[in-house]
Amino acid sequence: MRDSTRQILIIGAVSSLTVTATAMVCGRVEGQSGWRPINAISHIAWGRKAAQKNLLTARYTGMGLLLNGIACGFWAWLYRHCRHSMQSPDSFLLSVGSGVAISALAYVTDYYVVPRRFTPGFELTLSYRSVPWLYGALAVGLCTPDVMASGRSRRKS
């Protein structure tokens with residue numbers, strides 16, 4: 001496997017995990033099942049009834065996790081492409097700034113560009129006060145592997 005493909009897979013997995021964990025915490029903080037925001041993602045496949053499902057299920061939770069992973073994988077690819085084209089690949093500020101920029105682009109795309117059927121579904125279960133936490137988690141997940149790698153390379157020097 002090429003190194004760039006491996007990096008995209010790692011960044012996608014980390015960002016998917018951070019968004020999933022944050023959505024579950026937001027769900028619990030808002031007094032609902034932690035699975036409900038994850039199940040709501042599967043509204044893309046199963047319709048709006050997915051947002052009403054509170055339990056861990058293969059059908060709703062599995063599809064929600066898969067769709068979230070695919071979306072985070074796409075944003076990871078875009079993040080990696082942008083970071084690869086920059087002059088200073090090990091810069092902490094460029095990594096964080098790129099993560100924030102891609103996360104902001106994801107928000108605009110998710111809620112202002114794509115048709116309602118293809119939104120993340122979080123808006124079906126969570127309040128709008130949770131949205132910044134979700135996209136903040138995406139930004140953190142995108143830049144964390146690069147930030148950790150640059151920290152390791154600085155320690156070796």
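Just so we're clear, the structure is a prediction, and the values are computed from it rather than from any experiment. Just so you know, these numbers use all the heavy atoms, side chains as well, and skip hydrogens, waters and symmetry mates.
- Of the possible polar contacts, one joining the His43 side chain to the Thr119 backbone as a donor-acceptor pair under 3.5 Å is found.
- The backbone N or O of Val140 sits less than 3.5 Å from a side-chain atom of Thr144, completing a donor-acceptor pair.
- A donor and an acceptor atom, one from each side chain of Asn39 and Thr61, are located under 3.5 Å apart.
- Checked by atom type and distance alone, the side chain of Trp46 pairs as donor or acceptor with a backbone atom of Arg59 at under 3.5 Å.
- For Leu94 against Arg83, the heavy-atom pair with the smallest separation is CB-NH1, 3.5 Å.
- Contact record, Arg117 with Ala45: NH2-O, 3.6 Å, taken as the closest heavy-atom pair.
- Of all non-hydrogen atoms in Tyr60 and Ala50, the two that sit nearest each other are CD2-CB, 3.6 Å.
- Ring geometry for Tyr107 against Tyr111 counts as tilted: the plane angle lies between 30° and 60°, on a 0 to 90° scale.
- In the hydrophobic cluster analysis, where Ile, Leu, Val, Met, Phe, Trp and Tyr join through side-chain heavy atoms closer than 4.5 angstrom, Val100 is grouped apart from Ile102.
- Judged by distance alone, the side chain of Ser103 and the main-chain N or O of Tyr135 form a donor-acceptor pair under 3.5 Å.
- Judged as a side-chain hydrogen bond (donor to acceptor under 3.5 Å, both in side chains), the pairs with a partner in residues 4-18 (not counting sequence neighbours) are, in order, Arg2-Ser4, Asp3-Arg6, Asp3-Gln7, Gln7-Arg80, Ser16-Asn68.
- Put simply, Leu93 and Ile11 are part of two different groups of oily side chains (I, L, V, M, F, W, Y) that touch within less than 4.5 Å, one to the next.
- Of all heavy-atom pairs between Ala51 and Leu124, the closest is CB-CB, 3.6 Å.
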